[in-house]
Amino acid sequence: MGVNFVMEKRETTIKIPEHFRILFTPEDIAARVREIADEVSKDYEGKTVHLIGVLKGAAVFLSDLMRNLTVPATYDFLSVASYGDSTESSGVVRLIKDLDDPVESRDVIIVEDIIDTGLTLKYIEELMRSRKVSSLTKCTFLDRPDRRKVQVEMDYVGFTIPDCYVVGYGLDFEQKWRQLPGIYAINQPT
Ligand code: IMP
């Protein structure tokens, strides 16, 4: 039996600085997330997907993605550090919070907010493979290929963006602006 849900809509007014430029509206995002979820649901028919979200940025995307899947899904989060509160990657990735549950023999999808240098994803991918997952794919809401330091192959990409720092929909600048329902470019060098 299928169940349809209708989420209540309401207007929100958040004051944002003038130099923020909208890249993707909440409507753009909702439509794209549905498309990715359809793709994932098709690819994983008959399976249960285990979504691994990378804190904190991917939490918003993961929760929307999961609610649009038609295959059974479980999820877990881990946290790594590479940036601190700066917009420049230090190039060093370390595990801050590990997963709660084992991933061995599970069909894992790594869910990221944005791929920049690729160092974070590379680290998590190697960590997951060392734990003998049954299968592994990688999904990111945003891809910014301009500053890649390591090669990473993505299976699902929401939007590819130019070289500008972005906030909103889970992504922050100095821990702020994660709550914005759209994606905004900040006019400053990354
Ligand atoms: P990477 O290891 O360089 O690919 O960096 C990935 C992480 O850096 C992402 O998961 C984000 O948390 C953070 N990050 C990179 N670019 C941005 C951005 O434009 N806005 C907010 N966070 C970013």
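For this chain, numbers begin at 1 and follow the sequence in order. What you are looking at is a predicted structure, and each value in this text was computed from that prediction instead of being measured. Atoms within a ligand are numbered from 1 in the order they appear, just like the ligands themselves.
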Hey, is [X] one of the residues with a heavy atom under 4.0 angstrom from ligand 1?
X      : answer
Val167 : no
Ile114 : yes
Lys149 : no
Val166 : yes

*Considering only heavy atoms, does Arg147 approach ligand 1 within less than 4.0 Å through its side chain, its backbone, both, or neither?*
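No part of Arg147 is near ligand 1 at this cut-off.
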*Classify the contact between Asp113 and ligand 1 as side chain, backbone, both or neither, using a heavy-atom distance cut-off of under 4.0 Å.*
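Only the side chain of Asp113 comes within reach of ligand 1.
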_Does Lys97 have more than 12 heavy atoms from other residues, nucleotides or ligands lying within 6.0 Å of its NZ?_
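Enclosed.
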*Please tell me if the side chains of Val49 and Met66 come closer than 4.5 Å, counting only heavy atoms from C-beta onward.*
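Not in contact.
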Under 4.0 Å from a heavy atom of [X]: give me the atoms of ligand 1 that qualify, with their elements.
X      : result
Thr120 : 1 (P), 2 (O), 5 (O), 6 (C)
Glu112 : 10 (O)
Gly118 : 1 (P), 3 (O), 4 (O)
Leu171 : 20 (N), 21 (C), 22 (N)

*Identify the residue among Phe159, Phe61, Tyr169, Tyr184 that makes a ring pair (Phe, Tyr, Trp, His ring centres under 6.0 Å) with Phe24.*
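Filter result, single survivor: Phe159.
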*Indicate the atoms forming the closest heavy-atom contact of Gly168 with Ile183, along with that distance.*
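For Gly168 versus Ile183, the nearest heavy atoms are O-CD1, 3.4 Å.
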*Can you name the closest pair of heavy atoms from Asp28 and Leu23 and give their distance?*
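Reported closest heavy-atom pair: OD2-O, 4.2 Å.
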*Does Glu35 come within less than 4.0 Å of Arg32, counting only side-chain N to carboxylate O?*
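Between Arg32 and Glu35 there is a salt bridge, with a charged N closer than 4.0 Å to a carboxylate O.
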*Could you tell me whether Arg131 and Asp98 have a side-chain N and a carboxylate O separated by less than 4.0 Å?*
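Between Asp98 and Arg131 there is a salt bridge, with a charged N closer than 4.0 Å to a carboxylate O.
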*asked:* Could you go through Thr137 and Asp43, starting from their C-alpha distance and side-chain angles, then the distance that decides it, and tell me whether this counts as side-chain contact (heavy atoms from CB on, under 4.5 Å)?
replied: CA-CA 11 Å; Thr137 57; Asp43 294 349; over 6 Å; no
*Which of these, Tyr184, Trp177, Tyr165, has its nearest heavy atom closest to atom 21 (C) of ligand 1?*
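Heavy atom nearest to atom 21 (C) of ligand 1 belongs to Tyr165.
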